[in-house]
Amino acid sequence: MNRLSYPQKFTLIGFLFAIPLTLVMYLLISEINSRVDFSQKEIYGNKYLRPLRQLREYIPKLQLLNYQSLNANLSNSESRANLEAKMDANFQSLANTDRQLGKILMCTEKINKIYQDWQNFKLRRSQWSLETYDFVYQRLAADINRLSARVGDTSNLILDPDLDTYYLMDATLLKIPEIQKILSEIRLISQKISLRSDATPEERAQLITLSSRLREINDDLAINMEVAFSNNPQGNLRPKLTQDLKNFNYMIKQLTKQLNKTIYQTVSIKYYTYINGSQVALDASFLIGDKTVNELDFLLQKRINTFVNRRQLICILVLIILALVIYLFVSFYRAVMQTVFVLDEASKKMANGHLDHKIIFANRDELGQVVGAFNKIADALVGANQEITLLNDRLKAENIRMSAELDVTRKIQQMLLPNDPELKEVIGLDIAGFMEAAEEVGGDYYDVLQHKGRVKIGIGDVTGHGLESGVLMIMVQTAVRTLLAYNEPDPVKFLSAINSVIYDNVQRMKSDKNASLALLDYKQGMLKLSGQHEEMIVVRCNGSVERFDTIDLGFPIGLDADIAEFVAEKIVQLHSGDVVVLYTDGITEAENMDKLLYGLDRLIEVIEINWQHSAAEIRHAVINDVRSHIGEQKVFDDITLLVLKQK
């Protein structure tokens, strides 16, 4: 978080705040939309049921026309052509509704089948007997009832969650259609009986069964509608439906009371009265059914409007909260940035020397505390500045002294390096050396010494660089020269003695420095290598490259009191034209601007290209390539190179 600017922090906080809010909003709006879709689907179901309700009314009327000419007590004001035209219109209305909603309620196949049966009926009705005619009508009515049930299932009507709308659905989809079916059957049976003198025992039994079923459903309808009235929050059902419902229930009770007379075979019954009674009850059922559907649509639309209003209210509330949050974010950001601006201006003035500048800030919150702390710091800086001025004067004098000391040390270090005339005196070898310190004083070491016919070549690297490392390098050079002067030929004793001297001095200095050191004894083309340092590279006169690892030839100088057991020696025979290259890790670990190391492979590649040249030219090629690799990058470690070529 500390790496982010305040706009980025506010954006991140806002994003983290927006994720749960968006998720909750999505779930809430999705739930509301789901309920809206659920209720809308119920309205679609009612839209389907309206033309089906008309068909349930016209089919029994059309069936009665077959008996009108046989019974003088029957009367029908509508002609066959008029009823069939109304049914065609209802089928067309049903088809139009299905074109809009068929994919939603999935009733197209059943509608097409019923319509096809109706068309076949109109074409073939003249060929049928009265019994066949009745059977086809009953099958057509049954198909319409099954289609109504299908609509109830697919339109969610049967799953309505509220008691008032659920029982309205129960009345329009189940109870009233079932009553209408029973009334139509009673009317048809009574119609057939009226053509004769009396009913058969089977017909009496049918009427008794239908009467019992009719009374049962009528009672259920009354009870269910009362539950709907009692659980109607809008209070619109009871005043609009109560009277029609009472009238309808009364008609059904009167009809069933008359039908009960069929139980007694001795009682004389005028069956045409059942026809009229069932017809009146049917008309009342269609009336109460139509009103109930309208009220159901009203309640469903009211529910949808409530959900939509709730959704709008939630959206408005969320927008208000977001606006408030944005306002608070912006206000807080401006307050923070104002404080930052004031502090920035004050710091610039302090940087220009106006240390007595005070910030006046009216805030009493944490930002005000920051400003107060800044003023306290400014007061402290005024006093500290005087002390710093005195210290600076002292440091200048101290730096002048230290610079002089470092310069002396650097000059001593350079003076101790072998010069060109010394190198040319070495018989059998063409030698070129290079050393450049990363600071004023380096920690690298190389030397070429001759004493009584012996040639001792050394290269080393003290950990770190600077004054302490430079002093330790001078100690190593002095120890090597001293032991050479005493003509010590044994490499184990030679390195052990150097280590003992350096170790004791390091302990006295309380330093953690140590050094890698490799020594070579040269005589008439024979090299004896001992001590631990970087690899020694040998390019033979035929161009082949050999690498000699020194890890097992010694131990770091000054790290342990006794290293005798770690020292070993390796003999390398040189031939005319062979090149030996010694280096420190300042070359192989030199970095460029992309933090890429120079590496040992590249060093070997440059040597392979230039091995036929003189030692000085090889040295020049390597150093130039290293500098090219480093480019503008800072030099972090001392760079040392020693090239030997067998004459």
Side-chain angles (χ1 to χ4, degrees), residues 33-63 81-125 128 132-161 165-166 168-181 184 285-286 289-290 292-301 303-304:
N33 289 338
S34 175
R35 295 190 178 188
V36 170
D37 293 341
F38 188 95
S39 300
Q40 185 62 56
K41 206 170 183 182
E42 290 186 85
I43 293 178
Y44 292 157
N46 284 339
K47 193 172 183 180
Y48 258 104
L49 293 177
R50 283 187 169 86
L52 293 178
R53 166 256 182 262
Q54 298 292 335
L55 291 174
R56 283 200 301 270
E57 178 182 2
Y58 297 144
I59 287 175
K61 287 184 178 181
L62 192 62
Q63 187 178 11
N82 188 32
L83 286 173
E84 289 184 353
K86 287 183 177 181
M87 290 185 67
D88 286 336
N90 276 279
F91 273 116
Q92 185 60 47
S93 175
L94 188 61
N96 293 337
T97 302
D98 187 68
R99 275 193 290 272
Q100 298 175 8
L101 308 175
K103 292 183 178 179
I104 299 175
L105 301 187
M106 299 174 289
C107 296
T108 304
E109 184 177 348
K110 290 185 177 295
I111 292 174
N112 291 338
K113 181 182 181 303
I114 294 174
Y115 182 70
Q116 187 63 45
D117 290 343
W118 167 245
Q119 295 300 321
N120 292 336
F121 168 78
K122 289 195 297 182
L123 291 174
R124 301 174 61 186
R125 63 173 177 265
W128 294 334
T132 304
Y133 199 86
D134 288 342
F135 173 77
V136 173
Y137 266 120
Q138 291 171 1
R139 189 180 67 180
L140 187 61
D143 288 342
I144 290 174
N145 288 334
R146 281 192 289 270
L147 178 58
S148 296
R150 169 74 174 179
V151 170
D153 292 338
T154 58
S155 66
N156 297 329
L157 280 168
I158 202 70
L159 302 173
D160 191 276
T165 49
Y166 175 82
L168 291 185
M169 175 281 303
D170 179 71
T172 58
L173 186 65
L174 302 176
K175 295 293 189 297
I176 293 177
E178 183 64 20
I179 290 174
Q180 291 168 348
K181 176 185 176 183
S184 297
S285 72
F286 288 121
D290 290 343
T292 303
V293 168
N294 291 336
E295 293 306 316
L296 178 58
D297 272 349
F298 172 79
L299 292 178
L300 292 174
Q301 189 60 51
R303 184 194 299 167
I304 291 174

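Nothing fancy with the numbering, it's 1 onward along the sequence. Worth knowing before you read on, the calculation uses all heavy atoms, side chains too, and leaves out hydrogens, waters and symmetry mates.
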Assess whether atom NZ of K175 is packed by more than 12 heavy atoms of other residues, nucleotides or ligands within 6.0 Å.
yes
Taking all heavy atoms of S285 and all of I176, pick out the closest pair and write down the distance.
O-CG2, 3.7 Å
side-chain contact (heavy atoms from CB on, under 4.5 Å), that's the test. Do R56 and N145 meet it? Break it down for me.
CA-CA 8 Å; R56 283 200 301 270; N145 288 334; 3.3 Å; yes
Do N46 and L300 touch side chain to side chain, with heavy atoms closer than 4.5 Å?
yes
Under 4.5 Å between any side-chain heavy atoms of L49 and V293, yes or no?
no
Within the structure provided, determine whether L299 and R303 are in side-chain contact (heavy-atom separation under 4.5 Å).
no
Evaluate side-chain contact (heavy atoms from CB on, under 4.5 Å) for D98 paired with Y48, printing each intermediate quantity in order.
CA-CA 8 Å; D98 187 68; Y48 258 104; 2.4 Å; yes
Backbone N or O of P161 within a donor-acceptor pair of the T165 side chain at under 3.5 Å?
no
If every non-hydrogen atom of A171 is compared with every non-hydrogen atom of T292, which pair is closest and at what distance?
CB-CG2, 4.4 Å
Salt bridge present between D143 and R146 (N-O < 4.0 angstrom)
yes
Taken to the nearest 0.5 Å, the spacing of N156 CG from L105 CG works out to 8.5 Å
Dump the intermediate steps for side-chain contact (heavy atoms from CB on, under 4.5 Å) on I114 and L55, then the final yes or no.
CA-CA 11 Å; I114 294 174; L55 291 174; 5.7 Å; no
If you round to the nearest 0.5 Å, how far is CG of L94 from CZ of F91?
7.5 Å
Below 4.5 Å, heavy atoms only, C-beta onward: do K47 and Q100 meet side chain to side chain?
yes
D117 side chain reached by V136 side chain, heavy atoms, under 4.5 Å:
no
Restricting to non-hydrogen atoms, name the atom on M106 and the atom on K103 that form the minimum distance, rounded to 0.1 Å.
CG-O, 4.0 Å
Enclosure of K110 NZ (heavy-atom neighbours >12, cutoff 6.0 Å)
no
To the closest 0.5 Å, what do you measure between CD (Q92) and OG1 (T97)?
10.0 Å
Check: R35 main-chain N/O paired with S39 side-chain donor or acceptor under 3.5 Å
yes
Applying side-chain hydrogen bond (donor to acceptor under 3.5 Å, both in side chains) between D290 and each of Q54, R50, R53, report the one that passes.
R53
Apply ring pair (Phe, Tyr, Trp, His ring centres under 6.0 Å) to the pair W118 and F121, showing each step before the final yes or no.
CA-CA 5 Å; W118 167 245; F121 168 78; 5.5 Å; yes
Point-to-point distance, once rounded to the nearest 0.5 Å, from CD1 of I158 to OH of Y166
5.5 Å
What is the distance from atom CE of M87 to atom CD1 of I59, rounded to the nearest 0.5 Å?
4.0 Å
State the NZ-CG distance between K122 and D88, to the nearest 0.5 angstrom.
3.5 Å
Taking all non-hydrogen atoms of both residues, which atom of C107 and which atom of T154 are closest, and how far apart?
SG-OG1, 4.0 Å
L168 and T172: CA distance, side-chain angles, deciding distance, side-chain contact (heavy atoms from CB on, under 4.5 Å) verdict
CA-CA 6 Å; L168 291 185; T172 58; 5.5 Å; no
